Amino acid sequence: MIRSKLLATAAAMAFAGSLTLLSGTNAGAAIAADPSVAPGGNFNLSVWQLQEPVGSPGSPTTISSSRLQGANGFQDSYFYTDTRDGAMTFWAPEKGVTTPNSNYARSELREMNSNGSAADWSLSGSHRLSATLRVVSVTSNVCVGQIHLGSGGSSTKPLIELYYHSNGDIVAGIENSPDGGQTPHTVGHVSIGKTWTYTIAVSGGNTIDLTVNGSTTHYAIPSSFNAYKQYFKAGSYNQSSSDSTTKGARVAFYGLTVSHG
């Protein structure tokens with residue numbers, strides 16, 4: 001039994017390299033994923049809430065951080081530990097329950113504060129979301145990380161969305177204003193199923209610093225966003241829809257950290 005678990009752990013490390021604990025304030029220690037536990041057994045999910053593509057129309061089901069935490073924490077067919085390598089895996093089919101402001105289903109984490117309230121931070125200071133991941137399957141394209149607008153106005157737009165396309169292109173969608181309109185920037189290319197990294201950061205209150213596989217680009221934040229606070233999201237936010245429950249976007253995370261300073 002011990003030998004089997006050691007072999008499973010070794011296989012996970014060989015596949016994914018070091019897995020980083022989810023953390024609200026620090027990068028966390030490098031660990032080997034245990035494929036036999038829920039995502040909360042490998043990751044610190046105390047600063048995340050999960051939204052799934054099920055529930056009632058316009059009102060997707062959300063899972064609180066308290067339910068996500070621990071080796072016996074929440075998991076199901078949309079959010080689970082891959083038993084082969086320990087990856088925290090998100091599945092969003094083309095047909096699923098969506099939010100009122102989107103036509104696309106998602107299995108996605110929403111940043112929370114450690115006290116259980118919704119994260120809602122100012123652009124001032126430094127803010128960083130970093131991930132190691134691979135897109136297992138995708139029909140068209142999938143958003144795997146974003147900074148979303150919080151309080152401060154009526155807009156429900158993101159500040160930036162990072163997309164992975166089925167042809168392997170990694171594209172940053174930078175919102176032009178809180179009223180909408182997004183400008184795409186191709187920032188990398190990775191074959192489907194291959195592991196890659198990203199960091200989405202804000203610095204100086206007016207700049208997005210985006211790093212993909214070690215290459216960094218910078219984007220000015222328009223002053224029209226200054227009134228808004230923000231929060232991070234990460235997972236599988238599918239960008240295509242149909243009547244299919246078997247087609248969709250499956251994304252596996254091996255590391256995810258968030259920090260503020």
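Only a predicted model underlies this, so the values are computations on that prediction, with no experimental measurement involved. Throughout, numbering of the chain's residues begins at 1 and tracks the sequence.
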Between Asp34 and Ser36, is the side chain to side chain donor-acceptor pair (under 3.5 Å) condition met? List the steps. CA-CA 5 Å; Asp34 183 346; Ser36 68; 2.7 Å; yes
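- Remark: the Ser166 side chain and the Asn141 side chain contain no N/O donor-acceptor pair separated by less than 3.5 Å.
- The two residues Leu149 and Ser155 come nearest to each other via the heavy atoms CD1-OG, 3.5 Å.
- Side-chain contact check for Val171 versus His165: some heavy-atom pair is nearer than 4.5 Å.
- Both Phe90 and Val47 belong to a single network of hydrophobic side chains, linked directly or stepwise wherever heavy atoms of I, L, V, M, F, W or Y lie under 4.5 Å apart.
- Between the side chains of Ser241 and Glu94, no donor-acceptor pair is found at a separation under 3.5 Å.
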Would you sort out whether Thr246 and Ser244 count as a side chain to side chain donor-acceptor pair (under 3.5 Å), showing the intermediate values? CA-CA 6 Å; Thr246 57; Ser244 175; 3.2 Å; yes
Evaluate the side chain to side chain donor-acceptor pair (under 3.5 Å) criterion for residues Thr98 and Asn103: first the C-alpha distance (whole Å), next the side-chain angles of each, then the deciding distance (0.1 Å), finally the verdict. CA-CA 6 Å; Thr98 69; Asn103 296 319; 5.7 Å; no
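- By the rule that hydrophobic residues join a cluster once side-chain heavy atoms approach within less than 4.5 Å of another member, Val144 and Val258 end up as members of one cluster.
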Pair Lys233-Glu108, salt bridge (charged side-chain N to carboxylate O under 4.0 Å, His left out): steps then yes or no: CA-CA 7 Å; Lys233 303 189 82 175; Glu108 187 180 39; 3.2 Å; yes
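- Looking at Ser122 and Ser124, their side chains do bring a donor and an acceptor atom within 3.5 Å of each other.
- With hydrogens and angles disregarded, a donor-acceptor distance shorter than 3.5 Å links the side chain of Asn238 to the backbone of Ala92.
- With hydrophobic clusters built from ILVMFWY side chains whose heavy atoms lie under 4.5 angstrom apart, Leu109 shares a cluster with Val135.
- Between the side chains of Ser117 and Asn115, a donor-acceptor pair is found at a separation under 3.5 Å.
- In this structure, the side chains of Ser140 and Val138 stay at 4.5 Å or more apart for every pair of heavy atoms.
- Residues Phe225 and Leu159 form a side-chain contact, since some pair of their non-hydrogen atoms from C-beta on lies under 4.5 Å apart.
- No path of Ile, Leu, Val, Met, Phe, Trp and Tyr side chains, each step under 4.5 Å between heavy atoms, connects Trp91 with Trp48, placing them in separate hydrophobic clusters.
- Asn213 places a side-chain heavy atom less than 4.5 Å from the side chain of Val190.
- Note that OG1 of Thr257 is 11.5 Å distant from CG of Asn44, once rounded to the nearest 0.5 Å.
- Using modelled atom types, one finds no donor on one side chain facing an acceptor on the other under 3.5 Å when comparing His148 with Glu175.
- Between the side chains of Asp209 and Ser203, at least one donor N or O sits under 3.5 Å from an acceptor N or O.
- The closest donor-acceptor contact from the side chain of Tyr164 to the backbone of Ile192 lies under 3.5 Å.
- For the pair Arg110 and Tyr231, the cation-pi criterion (under 6.0 Å, within 45° of the ring axis) is fulfilled.
- The shortest side-chain heavy-atom distance between Leu129 and Thr199 does not fall under the 4.5 Å cut-off.
- Ring planes of Trp121 and Phe232: tilted class, angle from 30 to 60°.
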Pair Ser151, Asp120 - check side chain to side chain donor-acceptor pair (under 3.5 Å), show working. CA-CA 7 Å; Ser151 65; Asp120 195 43; 2.4 Å; yes
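- Ring pair Phe253/Tyr198 is perpendicular by interplanar angle, where above 60° counts as perpendicular and below 30° as parallel.
- Ile200 CD1 to Ile160 CD1: the interatomic distance, rounded to the nearest 0.5 Å, is 5.0 Å.
- Judged by distance alone, with hydrogens and angles left aside, the side-chain atoms of Thr81 form no donor-acceptor pair with the main-chain N or O of Thr83 at under 3.5 Å.
- At a threshold of 4.5 Å between non-hydrogen side-chain atoms, the residues Val212 and Trp196 count as touching.
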Identify each donor-acceptor pair in which a side-chain atom of residues 50-64 lies under 3.5 Å from a protein atom, sequence neighbours left out, and give them as a table.
| from | atom 1 | to | atom 2 | distance (Å) |
| --- | --- | --- | --- | --- |
| Gln51 | OE1 | Arg106 | NE | 3.2 |
| Thr61 | OG1 | Val54 | O | 3.3 |
| Ser64 | OG | Ser66 | OG | 3.0 |

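- Sparse packing is recorded around CG of Asn72, with 12 or fewer heavy atoms of other residues, nucleotides or ligands lying under 6.0 Å away.
- A donor-acceptor pair shorter than 3.5 Å cannot be found between the side chains of Gln230 and Tyr228.
- The shortest side-chain heavy-atom distance between Arg250 and Arg134 does not fall under the 4.5 Å cut-off.
- A donor-acceptor distance shorter than 3.5 angstrom exists from the side chain of Gln239 to the backbone of Tyr237, with no hydrogens or angles considered.
- Under the 4.5 Å side-chain contact rule for hydrophobic residues, Tyr104 and Tyr163 do not share a cluster.
- Leu45 CG to Leu256 CG: the interatomic distance, rounded to the nearest 0.5 Å, is 9.0 Å.
- Here the side chain of Asp76 pairs a donor or acceptor atom with the backbone of Phe79 at under 3.5 angstrom.
- For the pair His185/Ile174, a side-chain contact is recorded, criterion being any heavy-atom separation below 4.5 Å from C-beta on.
- Within the 3.5 Å criterion, the main-chain N or O of Ser215 finds no donor-acceptor partner in the side chain of Thr211.
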